[in-house]
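Residue numbers begin at 1 in each chain, while the letters A, B, ... track the order of the sequences.
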Amino acid sequence: MREKIDGRYLTETEIVSIGKTLLHKTFGQIAETNETLLYKGSIGNFVEKEIFNLSPNSRSEPDFIEAGVELKVTPFKLNQDKSYSAKERLVLNIINYVEEAKQSFYSSSFWTKNSKLYLLFYLWESNKAQKDFFIMFDYLLTFSDEDLVIIKKDWHIIHEKIISGKAHEISEADTMYLAACTKGVNKESLRKQHNSDILAKQRAYSLKSSYMTQLLRTRVTDKKEEVVRIISDVIELEKKSFEEVIYERIKPHFGTPTKQIIKQFGIEKSKNINEVIVARLLGVQGKVSQTEEFLKANIVPKTIRLKGNGKIKESMSFPTFRFDSIVEEDWEDSTYRDYFESTKFMLVIFKEKNDDFILQDIKFWNMPVSVIDNEFKDVWLHTQSIIKNGEIVKEVRNGIYLTNFIKKSDRSLMHVRPHAQKRDDTYPLPVADKKTGLLSYTKHCFWLNNDYVSKIINQMKAS
DNA sequence: GCATGATCATGC
DNA sequence: GCATGATCATGC
């Protein structure tokens with residue numbers, strides 16, 4: 001057995017060498033005879049206490065005060081296509097809004113506690129018990145210059161809301177890599193904030209799961225991937241926000257017909273031509289969505305085509321949902337709530353004119369938390385209940401299934417509609433459909449009403 | 001083979 | 001004319 005010295009005074013080398021002894025072992029194996037310990041607290045607490053001999057603390061200094069290192073144990077998962085993803089965001093320290101209001105970036109609780117992180121990644125598997133999860137990788141994380149410049153900007157965005165008494169309006173999609181996620185005993189955990197009497201949800205600093213996924217894929221695992229970065233100039237990012245830099249790169253081409261851009265850049269015609277155009281204007285050879293910044297910040301590019309009269313032809317689709325998964329979920333931590341809370345959209349707007357489309361504008365947008373937790377929640381709950389009760393099909397007419405899902409005309413925000421390759425491109429149903437007896441149904445997804453998208457674009461233009 | 005972005009086709 | 005069900009096209 002290791003001698004029980006106070007873990008807080010371990011050096012960086014000692015921390016890492018202890019960490020390495022845990023790799024390729026399960027928590028059960030690490031715990032040896034003390035397996036039951038695992039069930040008394042979180043895995044992270046277990047590792048801190050039993051392996052590194054640290055007592056739990058909520059101080060603003062890092063776990064290892066001598067080395068200036070904070071320890072985090074975090075899960076990742078293996079996807080269908082064999083790639084790895086972070087299972088969740090990396091939650092850091094809880095924010096004391098009143099205290100944090102007084103700080104600058106380098107004196108903030110985020111920086112003083114988390115400027116250097118020692119990460120232990122374990123493989124989360126749905127069919128296994130906690131004690132059988134393997135610790136697979138370790139990584140000593142210090143932020144690169146490119147990441148740090150964006151993280152500083154993120155911190156200032158969060159800080160600005162705190163000092164202006166708007167802590168209750170913070171959203172994860174406000175920021176790129178560093179976010180302020182809700183954290184509490186329950187969703188009702190509220191606390192005092194600076195400069196306002198409104199109680200705000202308790203939040204903690206966190207690194208987005210999209211950021212953690214990219215970290216894992218490009219720096220942590222043995223098969224390190226190469227990813228293209230759009231903005232390589234750190235100085236440029238210090239002066240302007242990421243969104244401003246992107247906007248300024250596209251802006252010179254506003255008003256230009258796509259045919260002209262295609263010619264000018266020698267782009268080949270294709271159905272996703274608008275997507276390709278945006279990529280070329282940003283100097284990206286592949287997909288914009290696959291660049292470092294977009295992946296890490298979870299920004300999804302969407303091209304929008306306006307008709308000559310300024311109306312949008314089509315509603316906007318999102319990833320399909322699984323019927324059997326959505327019925328199992330609680331709204332509060334549902335896949336879709338998380339998706340809209342953490343995803344920012346880059347809307348690239350083209351307008352039809354003279355048998356061509358003109359690049360008109362570019363906007364960054366995320367669904368406001370109040371809309372997510374009211375209008376969207378309503379649509380989501382309705383959808384879940386219809387599936388749960390086997391009441392998808394309302395009527396079969398001329399061989400076509402008419403459904404009870406929310407229609408575009410039912411709500412101003414969203415509707416639910418098929419999104420598949422063919423009608424028989426289906427997902428299994430948790431209960432048989434009452435009307436038809438079907439055990440699987442055409443893949444569906446939530447669609448953002450085109451009228452609502454119009455409203456977004458027009459509102460943003462006005463402001 | 002399938003997810004995803006984008007668009008079509010029919011009937012009210 | 002548009003809502004709604006359905007499908008196309010591309011790329012990984």
> Which one, C/dC2, C/dT4, C/dC8, comes nearest to the side chain of A/Lys422?
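Ranking C/dC2, C/dT4, C/dC8 by closest atom to the A/Lys422 side chain puts C/dC8 first.
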> Is the phosphate of B/dC2, meaning OP1 or OP2, less than 4.0 Å from a side-chain N or O of A/Tyr427?
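No.
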> Is a salt bridge present between A/Lys311 and A/Asp451, judged by a nitrogen-to-oxygen distance below 4.0 Å?
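So A/Lys311 does not pair with A/Asp451 through a salt bridge.
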> Checking side-chain polar atoms at under 3.5 Å, does A/Glu375 have a donor or acceptor matched by the opposite partner on A/Ser412?
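No, no side-chain donor-acceptor contact under 3.5 Å.
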> Please report, to 0.1 Å, the donor-acceptor pairs under 3.5 Å made by any side chain of residues 397-407 of chain A, with sequence neighbours excluded.
| from | atom 1 | to | atom 2 | distance (Å) |
| --- | --- | --- | --- | --- |
| A/Arg397 | NE | A/Glu395 | OE2 | 3.0 |
| A/Arg397 | NH2 | A/Glu395 | OE1 | 3.3 |
| A/Arg397 | NH2 | A/Glu395 | OE2 | 3.2 |
| A/Thr403 | OG1 | A/Phe405 | N | 3.3 |
| A/Asn404 | ND2 | A/Glu391 | O | 2.8 |
| A/Lys407 | NZ | A/Thr403 | O | 3.3 |

> Quiz question: by atom type and distance under 3.5 Å, do the side chains of A/His415 and A/Asn449 form a donor-acceptor pair?
yes
> Can you see if the side chain of A/Arg417 gets near the phosphate of C/dG5 - specifically, an N or O under 4.0 Å from OP1 or OP2?
no
> The side chain of A/Pro418 lies closest to which of these nucleotides: C/dT7, B/dG5, C/dC2?
C/dT7
> Spell out yes or no: do the side chain of A/His419 and the base of B/dG5 have one donor N/O and one acceptor N/O closer than 3.5 Å?
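Such a pair is found, so the answer is yes.
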> Is there a donor in the side chain of A/Asp147 and an acceptor in the side chain of A/Tyr211, or the other way round, less than 3.5 Å apart?
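Yes, a side-chain donor-acceptor pair sits under 3.5 Å.
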> With sequence neighbours left out, write down each residue that passes salt bridge (charged side-chain N to carboxylate O under 4.0 Å, His left out) with A/Asp324, or none if nothing qualifies.
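By the salt bridge (charged side-chain N to carboxylate O under 4.0 Å, His left out) rule, A/Asp324 matches A/Arg322.
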> Which residue lies toward the 5' end of DNA chain B, A/Asp425 or A/Ile304, if each is placed at its nearest nucleotide?
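The 5'-side residue here is A/Asp425.
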> Tell me if a side-chain donor or acceptor on A/Thr258 pairs with a main-chain N or O of A/Phe357 at a distance below 3.5 Å.
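Looks like yes, one N/O pair under 3.5 Å.
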> Counting only non-hydrogen atoms, which of residues 292-302 of chain A are less than 4.0 Å from DNA chain B?
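Only A/Val300, A/Lys302 qualify.
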> Any side-chain donor-acceptor pair under 3.5 Å between A/Ser109 and A/Glu100?
yes
> By nearest nucleotide on DNA chain B, pick out whichever of A/Lys313 and A/Ala420 is the more 5' one.
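Checking each residue's closest nucleotide, the 5'-ward one belongs to A/Ala420.
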> Tell me whether the side-chain N/O atoms of A/Lys311 come closer than 4.0 Å to OP1 or OP2 in C/dC2.
yes
> Could you check which residues of residues 376-407 of chain A get a heavy atom under 4.0 Å from DNA chain B? Sort them by number, please.
A/Arg397
> In this structure, how many angstroms lie between the C1' atom of C/dT4 and the CD atom of A/Glu314, rounded?
11 Å
> Can you list, by residue number, the residues of residues 280-290 of chain A that have a non-hydrogen atom closer than 4.0 angstrom to DNA chain C?
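Contacting residues: none.
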> Both A/Asp410 and A/Asp424 contact DNA chain C. Which one's nearest nucleotide lies toward the 5' end?
A/Asp410
> Within this structure, what is the CD1-to-P distance between A/Ile277 and B/dA6, rounded to whole angstrom?
12 Å
> Just N and O in the side chain of A/Ser317: are any of them under 4.0 Å from OP1 or OP2 of B/dT4?
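So the side-chain polar atoms of A/Ser317 never come under 4.0 Å of the phosphate oxygens OP1 or OP2 of B/dT4.
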> Tell me which pairs pass side chain to side chain donor-acceptor pair (under 3.5 Å) where either residue lies in residues 119-129 of chain A, with sequence neighbours left out.
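Sorted result for residues 119-129 of chain A: A/Glu125-A/Lys128.
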> Can we say A/Glu172 and A/Arg89 salt-bridge, meaning some charged N sits less than 4.0 Å from an Asp/Glu carboxylate O?
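A/Arg89 and A/Glu172: salt-bridged.
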> Let me know the distance between CD of A/Gln421 and P of B/dT4, rounded to the nearest Å.
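The distance from CD of A/Gln421 to P of B/dT4 comes to 12 Å, rounded to the nearest Å.
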> Mind calculating the distance between NE2 (A/His415) and C1' (C/dC2) to the nearest angstrom?
12 Å
> Taking CG from A/Leu347 and P from B/dG5, how many angstroms apart are they, rounded to a whole number?
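In whole Å, B/dG5 P and A/Leu347 CG are 12 Å from each other.
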> If you pin A/Val276 and A/Thr442 to their nearest nucleotides in DNA chain C, which one's is more 5'?
A/Thr442
> Within 45 degrees of the axis of the six-membered ring of A/Phe76 and under 6.0 Å from its centre: does A/Lys87 put its NZ or CZ there?
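No, A/Lys87 and A/Phe76 do not form such a contact.
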> One thing to verify: whether A/Asp425 and A/Lys443 come together as a salt bridge, which I'm taking to mean a side-chain N less than 4.0 angstrom from a carboxylate O.
yes
> Tell me the interatomic distance from A/Met414, atom CE, to C/dT4, atom P, rounded to whole angstroms.
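Rounding to the nearest Å, CE of A/Met414 and P of C/dT4 are 16 Å apart.
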> If I take atom CG in residue A/Leu448 and atom P in nucleotide B/dG5, what distance separates them, rounded to the nearest angstrom?
13 Å
> Does the side chain of A/Asp433 pick up a donor-acceptor pair with the side chain of A/Thr436 at under 3.5 Å?
yes
> Whole angstroms only, please: what is the CE-P distance between A/Met316 and B/dT4?
15 Å
